[in-house]
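Below you'll find the structure, written out as structure tokens, and then a few comments.
What you see is a predicted model, and the numbers here were worked out from it, not measured in a lab. Residue numbers start from 1 in every chain, and the chains themselves are labelled A, B, ... in the order their sequence lines are given, proteins ahead of strands.
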2 protein chains.
Amino acid sequence: MLKTSDEKYLRAIYSVSHSENKQKVSLSDLAYYLDLKPPTVLERLHVLQKEKFISYTKTEGVVLTKSGEKEALNVIRKHRVWETFLHKVCKFGWNEVHEMAEQLQNVNSEKLIDRIYTLSGEPKFDPHGDPIPDKSGKLPVSVRRPLLNSIEGCRCLVLGVNEDSAEFLNYLTDLNIGLNEKLSVEKVFGYDGSLKIKYKNSESVILSPKVAEKILVTCTKHGCACK
Amino acid sequence: MLKTSDEKYLRAIYSVSHSENKQKVSLSDLAYYLDLKPPTVLERLHVLQKEKFISYTKTEGVVLTKSGEKEALNVIRKHRVWETFLHKVCKFGWNEVHEMAEQLQNVNSEKLIDRIYTLSGEPKFDPHGDPIPDKSGKLPVSVRRPLLNSIEGCRCLVLGVNEDSAEFLNYLTDLNIGLNEKLSVEKVFGYDGSLKIKYKNSESVILSPKVAEKILVTCTKHGCACK
DNA sequence: TTATTTTTTTAGGTATGCCTAATTTTAGTA
DNA sequence: TACTAAAATTAGGCATACCTAAAAAAATAA
């Protein structure tokens, strides 16, 4: 059986390796993310490596093995299922749930996760818009659609773009919109179909239909009415 | 803030001190209950004493202070609320819930306990028939009634007796029925009002109306139909 | 009342999970 | 290329929460 503390590390490695602009998970990145000192993390990495959950070299950084990734996705599942439950069933605000879920995810009962997931309506995304892996660790396959076809109040996740020109990509970079960015559609202007988008929990911008058409997203709210 | 591990000890002390025939909580009793060795427990008792949660002398054994009892009842509340939730909302069997509740009770959010208690219908007793203390640590005031007035399927708790003769008390002792015993009424014989009672999860006995009249109980199922 | 057993206490010891300080290695820059 | 800054590593330490073995104290029985 996996220790609570191993799970913490595996989840962190997964998160860091999937964050933007990271092609390598360095020791110091990981230590920073975990709010621990590098020697502490290093020591644990050696253990995780012996247990075959990761491989680590100072040049390649930390890489999850197949079994390490599976475990990581399992913790992520537990965490996100709890967050969903706290939000949907217990009616906590989406901003309150993280800390509680952090503790709840350590409770060790697959059956309990199943039950509370059922009680929550089995959505594919948690209250923050992050996808919930299934029991085997698979992430939900998302239906991609242009951001343009959004209705007001829609919350969605950026999965890709429809154009690769440097101009377009630079524009998005300037706006600070990247892959896996979570967007909230504040307003749809009927006149030309422009969209007011809020993201990073504060930034907000109006996108022209030409741009919105090129951004591919997937809705993250269960049963969203977007086409 | 109280540590998880302190809570474990305080709950154990409370439980042992309230178990049958215990007028003193000895170090070895406590160690046995916690499944730890006496030196380990002793060490912690010194700490708890310094924190003013208990007083301990080898002659008096362990005694909770006011504040220690309050903390103990708080953990007990958390534990029993979780058990209730797991049983009523998550539909686990009453025999499955203890272990999960043991872990869940460590999650530190009074607000969460409130929410799941509400979701569970705010009963006064947990699925094992044990009373759930309120936030201030008060145990529910029970309506005492003679066991005789029970309907089939009733589950109740022995609160006392109506007769103090040695004969009667010895009879109960022989049957292994004591204070706080949880009884389940298996059958009511209409002919003379005898009751078939099951308890200690296996023992079962038929009590005459004369005896059943003298045993005072309180129903532990929410909204039980007993008079 | 002494002998025996049980309970309590003391005195070390171990594993875990974190730390700081100092050193080595690597990478970036002048 | 040599210098400097950053990252990785080593070495040693600390607190927690357990343990065993042995001594001291108390309770029980002969």
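Not one N or O on the side chain of A:Ser184 forms a donor-acceptor pair closer than 3.5 Å with the backbone of A:Lys198. Looking at B:Thr65, its side chain does come within 3.5 Å of a backbone N or O of B:Lys52 through a donor-acceptor pair. Remark: side-chain polar atoms of A:Ser17 are not paired, donor with acceptor, to backbone N or O of A:Val25 under 3.5 angstrom. Proximity of a side-chain donor or acceptor of B:Arg77 to a complementary backbone N or O of B:Pro133 within less than 3.5 Å is detected. Proximity of a side-chain donor or acceptor of A:Arg115 to a complementary backbone N or O of B:Cys90 within less than 3.5 Å is detected.
In this structure, A:Thr59 reaches neither bases nor backbone, as no heavy-atom distance under 4.0 Å exists between it and the strands shown.
Partners of A:Asp29 by side chain to side chain donor-acceptor pair (under 3.5 Å), not counting sequence neighbours, listed by chain and number: A:Ser26.
Whole-Å rounding puts the A:Leu2 CG to C:dT16 P distance at 14 Å.
The stretch residues 27-36 of chain A comes close to DNA chain C through A:Leu36, each having a heavy atom under 4.0 Å from the strand. Residues from residues 41-57 of chain B placing a heavy atom under 4.0 Å of any atom in DNA chain C, listed by number, are B:Leu42, B:Tyr56.
The pair B:Glu102-B:Lys8 does not count as a salt bridge, with every side-chain nitrogen at least 4.0 angstrom from each carboxylate oxygen.
Residue B:Lys37 has no polar side-chain atom (N or O) positioned under 4.0 Å from OP1 or OP2 of C:dT14. An OP1 or OP2 oxygen of D:dA17 is reached within less than 4.0 angstrom by no side-chain nitrogen or oxygen of B:Thr40. Applying the 4.0 Å criterion to OP1 and OP2 of C:dT26, one finds that A:Lys58 has a side-chain N or O inside that range.
Ring geometry, A:Phe85 versus A:Trp82: the interplanar angle exceeds 60°, so the pair is classed perpendicular (tilted spans 30 to 60°).
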